[in-house]
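First the structure, in the form of structure tokens, and then the observations on it.
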Amino acid sequence: METRYQKFIEWQINTLKEKNLIIQGSHPVGWCPKDQNPVSQHDTLGDVEPDFTEYILIKFQFEDFIIPTATLRPETLFGVTNLWVNPGTVYKKIKVNGEKWIVSAECAKKLEFLDKKIEEIGEIAGSELLGKEAKVPKTNRTIPIFPATFVKSQTGTGIVMSVPAHAPFDYQALKDLAHRTPYFADKLRSIQPISIIKTEEFGDVPAKEVCEKFKIRDQDDPKLEEATKDLYSKEFYGGILKENTEQFAGKKISDVKDDIKNWLIGARDGDVLLELNNAPVRCRCGAECVVKILTNQWFLNYGDKAWKEKATKCLDRMNVLPQEIRSEFNYVIGWLRERACARQHGLGTKLPWDKEWIVESLSDSVIYMAYYIIAKFVNAGKISAENLSKEFFDDVFLGKGGSKVVGIPKNIVDEIRSEFSYFYPVDSRHSGRDLVPNHLTFFVLNHVAIFPEENWPREIVVNGSVLMDGKKMSKSMGNIIPLRQAIRNYGADPIRLAIIISAELLQDADFNLESVNGIKNKLVSLLEECSKLKPVKPAKLQAEDRWIESKLQSAISNVSASIEKMRLREALHEILFSFESDLQWYLKRARAKKRDDYSGVLHEINTARIAMLSPFAPHIAEEVWEKLGNSDLVSQTSWPSVSADAIDPNAIQSEELLKSITDDISNILKVTKITPKKITIYTADAFKVKAYHAILEKVMAGETNMGTIMKDLIANSETADIKKNPEFVQKTIKDILSEPAEIRKTRLETKKFDEKLLIANELISLARTDFGVDVQVFSEMDSGIYDPKGKAKTARPFKPAILIE
RNA sequence: GCGGGAGUUGCCAAGCCUGGUCAAAGGCGCAGGGCUUAGGACCCUGUCUCUUAGGGGUUCGUGGGUUCAAAUCCCACUUCCCGCACCA
């Protein structure tokens, strides 16, 4: 064991103890009586987690004995009409902490492990109890004891209290009894279900209704379990206690259950019984496990209110990414109780004040980031274990002053302290989402407990896990690839990118080799492309140049925003894929014009792109960077910034329009299946442009009603003529509404836009390469217009009419 | 039970936070074409549906609602997944 690290753990745990945050108490665990050890899932046959429930024991007085019965519903004490025993069971008379109890043999055994002193003093057959009477605690009513076959000696105490109004088992058993044993007829007749819970759904005897609903045959009917569950959950959440329940009358059961429990136990009318609910659980040694109460267990008192408040305060100030997970942290802090922080077997650091115990490893690993700082001094041999004193840690971590530190030169202590001051607090802790309910929350709790406020952590980032082809990676499934091998085969960068691209923070990253290959090809072609580029800009920027530069600006701002939010998948996707489609369009345009001067534009674009790629794929980015002609390192250049000057709204509109016209042409060709010989395009008249802008303003102001817009247009003399063409208004509103908000805004801001000029200058080359024909363009009111099919009049702004022949 | 997450077009999977560019990215599969002696790899095109003019219809688990407009916001329902303590 690393003794120097142990010193750190000892300091941590001592510090918490001094602050009274570590307490001793009792705690139930699954337990193997043979090994004398707690058992958890991996200690059991079949890997079952021992799962137990707390039952309330209600103590009935029987002669000078106590008959305890176990129940999950202590409130039904008020509705008890009788007790059930199994006549075939021989019960034990035992002394329990001074009281004399009657319970089944199995129960007596269980009690021994639950911190009770048991002394057997005799036996009594179940049949001997039949017909006798017991007294109900609190109410002091006298009730008879009846036989029932559903009572099992291994469950609870082996004796059951009967609440026929609200427990289907009890209701049914009473009914059975009336049929089967005339012997009790007298006593039976006097028994009436006592109704104590009111619900909307049921009448006075819900158990009867439920038994009828489930068509229960007798008390051994397996459907009774389901009936019980059904009724219980309805009464627990929706039930109100009736007047016959003393101080609890009128309360909701879910609200007062704990109060009733404490009311009983406080007066020694009740007790607690812990019982395995998935029994039998067997230890790997073969022994049957029990529930044991460990009485001297050490806990971190995460239930402490002041501690929780501090942690909440810290959390509120922290940055938590992704945002959605924050509420989960708050929930966990609220829900945490005492947590066992020591165990009796295994590896670890011994509790300094109680060497029987070992600090539990999850508890000791929450502030070790602080140890990182001294680790380098320790590893360099500058400090030895025996000098890692409380004074030393108090000084370097808490700044308590170094005068008392013995055995370490003051300059070293000061150096460590100054490094600690430099690095702490933890700026960002990244871990898996499975650690949210434990490690990450403890990380916050223990930091706020030990360190002064200025050293509380600043950020937590939570990620999912990495899956392989959709499955959890595990050695047993054989679907793991050793990291070294993967890097050798595919390279570090493609693997990094494949993981990043496959999932956003919280999601599980589904890693597969196919995507690694895809990414690798992508990087190789990027390298090849960039290698050919020269930083020589064209003499004059053309429309598409200004456009792609505008697009680059939005790409930079998108990527930056994504990274700020730790949305790396989104960022990488933008760099590698989304922006690609813009580049495709750019290349198409430039090539259609048969240009040979755009290498410099691409060079500029890719320079920014590679700079953004660099944090994701550092190796290939350096390589490409060099190919782009840079002599410095990309990792040392600054992040590209958005230049507002480079954004040209006109260029954005132009390219959008060109795309939409070519799309329209393709569409027409697809539907008509004609081979084009000539394309004529007609742009809208100036009058329509005016109307368009009037409509655009209305829509942007939130007015989308056709009638209202029309009225306003007519009211204005400049646009009044539009009333002859209501279809135009209708369609224009639709056009505008189907445009993205950004384009609408751009159009609103740039009123002057010459569609005809754009088409004449830019569309012709594009149409020739795409469709192999020439384009002729007119404005719809031009004299000498060629318009054999009368298409021109349908032209709208940004939606020119098209004639294909 | 408590808490969290998810259900998208043949499959996987984005989009949802910030409603309109969404018949909806990308990948796989499939179909056609190119390259190749052939196969693989690679490249191009297509891939809800109807349509001989840029259009229409139906779709994002189900049912409602809000809105001029809903995969996206709200409500209910439903199905599936994950975590719940002495174990890292």
Side-chain angles (χ1 to χ4, degrees), chain A residues 27-30 38-43 49 51 53 229 232-233 236-237 254 294 297-300 302 322-325 327-328 331-332 334-346 358-365 432-439 442 464-465 469-470 472 501-504 506-508 510 512 514-515 517-519 521 525 561 565 567 569-570 573 576-578 580-581 656 659-674 699 702-706 708-709 733-734 736-744 789 791 794 799-804:
Chain A
H27 179 64
V29 291
V39 285
S40 62
Q41 194 168 359
H42 25 262
D43 305 314
E49 176 80 32
D51 188 20
T53 312
K229 244 187 185 167
Y232 181 27
S233 79
F236 183 74
Y237 294 105
S254 49
L294 294 177
Q297 175 64 274
W298 292 98
F299 297 94
L300 277 160
Y302 287 144
Q323 208 32 256
E324 306 91 275
I325 204 84
S327 60
E328 212 163 315
Y331 176 77
V332 173
W335 158 94
L336 273 175
R337 304 276 167 267
E338 302 78 20
R339 185 189 162 90
C341 63
R343 53 180 173 172
Q344 285 178 311
H345 65 301
I358 287 161
V359 181
E360 185 271 321
S361 45
L362 237 186
S363 310
D364 82 9
S365 58
R433 77 160 308 161
D434 49 333
L435 298 184
V436 172
N438 41 67
H439 171 85
F442 303 164
S465 30
D469 290 324
K472 212 167 178 174
I501 204 83
S502 76
E504 213 53 86
L506 258 192
Q507 299 160 335
D508 290 338
D510 190 357
N512 58 75
E514 216 169 77
S515 73
N517 255 329
I519 301 262
N521 292 338
S525 60
K565 288 178 277 180
R567 287 157 83 138
R569 190 198 63 81
E570 194 174 78
H573 199 271
L576 240 34
F577 298 106
S578 308
E580 191 80 5
S581 61
E656 289 302 325
K659 276 188 207 171
S660 115
I661 298 172
T662 48
D663 281 352
D664 282 349
I665 295 172
S666 305
N667 247 326
I668 296 167
L669 292 177
K670 189 182 152 196
V671 174
T672 60
K673 300 186 181 74
I674 55 178
V699 173
E703 181 55 69
T704 51
N705 183 283
M706 162 84 181
T708 318
I709 290 176
I733 294 172
K734 223 181 142 188
I736 293 170
L737 284 174
S738 70
E739 292 290 357
E742 264 174 55
I743 295 284
R744 284 187 228 166
K789 293 253 174 88
K791 289 270 178 198
T794 63
K799 195 76 182 171
I802 300 168
L803 172 68
I804 302 178

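In what follows, chains are A, B, ... by sequence order, proteins preceding strands, each numbered from 1.
Residues A:Phe299 and A:Ile802 both approach RNA chain B. Their nearest nucleotides, taken by heavy-atom distance, put A:Ile802 toward the 5′ side. Each of A:Thr672 and A:Arg343 lies near RNA chain B, and the nucleotide nearest A:Thr672 is the one positioned closer to the 5' end.
Rounded to a whole angstrom, the distance from the C1' atom of B:rU8 to that of B:rU59 is 10 Å. Across the P atoms, B:rA13 and B:rG61 are found 14 Å apart, a figure rounded to whole Å.
The side chain of A:Arg569 lies closest to B:rA14, out of B:rC2, B:rA14, B:rG20. Counting only heavy atoms from C-beta on, A:Lys799 has its side chain closest to B:rG54 among B:rG54, B:rA53, B:rA88. Residue A:Val671 places its side chain closer to B:rU52 than to any other of B:rU52, B:rA88, B:rC17. Taking only side-chain atoms of A:Thr794, from C-beta outward, the nucleotide of B:rC87, B:rG54, B:rG4 with the closest atom is B:rG54. When distances run from any side-chain atom of A:Leu336 to the nucleotides B:rA88, B:rA85, B:rG54, the shortest one goes to B:rA85. Distance from the side chain of A:Tyr331 is smallest to B:rC2 among B:rC2, B:rA53, B:rG54. Among the nucleotides B:rA53, B:rU21, B:rC87, the one closest to any side-chain atom of A:Leu803 is B:rA53.
Across all strands shown, A:Ile804 has heavy atoms under 4.0 Å from base atoms, whether or not it also approaches the sugar-phosphate. Looking at heavy-atom distances under 4.0 Å, A:Pro800 makes contact with a base.
For A:Lys799, the salt bridge (charged side-chain N to carboxylate O under 4.0 Å, His left out) criterion is met by A:Asp664, not counting sequence neighbours. Considering only residues two or more places apart in sequence or on other chains, A:Glu656 meets the salt bridge (charged side-chain N to carboxylate O under 4.0 Å, His left out) condition with none of them. Residues that satisfy the side chain to side chain contact (heavy atoms under 4.5 Å, CB included) test with A:Leu803, not counting sequence neighbours, are A:Thr680, A:Tyr682, A:Tyr786, A:Pro788, A:Lys789, A:Lys791, A:Glu805.
What you find for A:Leu737 and A:Arg744 is that their closest heavy atoms are O-NH2, 3.4 Å. Across all their heavy atoms, A:Ala340 and A:Phe299 have their closest contact at N-CD2, 3.4 Å.
Between A:Ile804 and A:Thr672 the shortest side-chain heavy-atom distance does not fall below 4.5 Å.
Summarising the geometry, the separation between CD1 on A:Ile665 and C1' on B:rA53 is reported as 12 Å, rounded to the nearest angstrom. Following rounding to the nearest Å, A:His439 (NE2) and B:rG83 (P) show an atom-to-atom distance of 19 Å. Between A:Lys791 atom NZ and B:rG55 atom P there is a gap of 12 Å when expressed in whole angstrom units. What separates CG of A:Asp663 from P of B:rG55 is a distance of 10 Å, to the nearest Å. Distance, A:Glu739 CD to B:rC22 C1': 14 Å, rounded to whole Å. Rounded to whole Å, atom P of B:rA85 lies 15 Å from atom CD of A:Gln297. Between the NE2 atom of A:His573 and the P atom of B:rA25 there is a distance of 11 Å, given to the nearest Å. When the P atom of B:rG5 is taken as reference, atom CD of A:Glu328 falls 7 Å away, rounded to whole Å.
From A:Ser660, atom OG reaches atom CG of A:Asn667 across 10.5 Å, with rounding to the nearest 0.5 Å.
Around the NZ atom of A:Lys659, the shell of radius 6.0 Å holds more than 12 heavy atoms that belong to other residues, nucleotides or ligands.
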Dump the pairs, protein N or O against N or O of nucleotides 43-48 of chain B, anything under 3.5 Å, distances to one decimal.
none

Identify each atom pair where a protein N or O and an N or O of nucleotides 56-58 of chain B are less than 3.5 Å apart, giving names and distance.
from   : atom 1 : to       : atom 2 : distance (Å)
B:rG56 : OP1    : A:Lys734 : NZ     : 2.9

Just the table, please: protein N/O against nucleotides 67-71 of chain B N/O, every pair under 3.5 Å.
from   : atom 1 : to       : atom 2 : distance (Å)
B:rC68 : O4'    : A:Thr704 : OG1    : 3.4
B:rC68 : N1     : A:Thr704 : OG1    : 3.2

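Scanning atom types as modelled, no donor and acceptor separated by under 3.5 angstrom connect the side chain of A:Asn667 and the base of B:rG54.
Using the Watson-Crick or G-U wobble rule with both distances under 3.5 Å, B:rC11 pairs with B:rG27.
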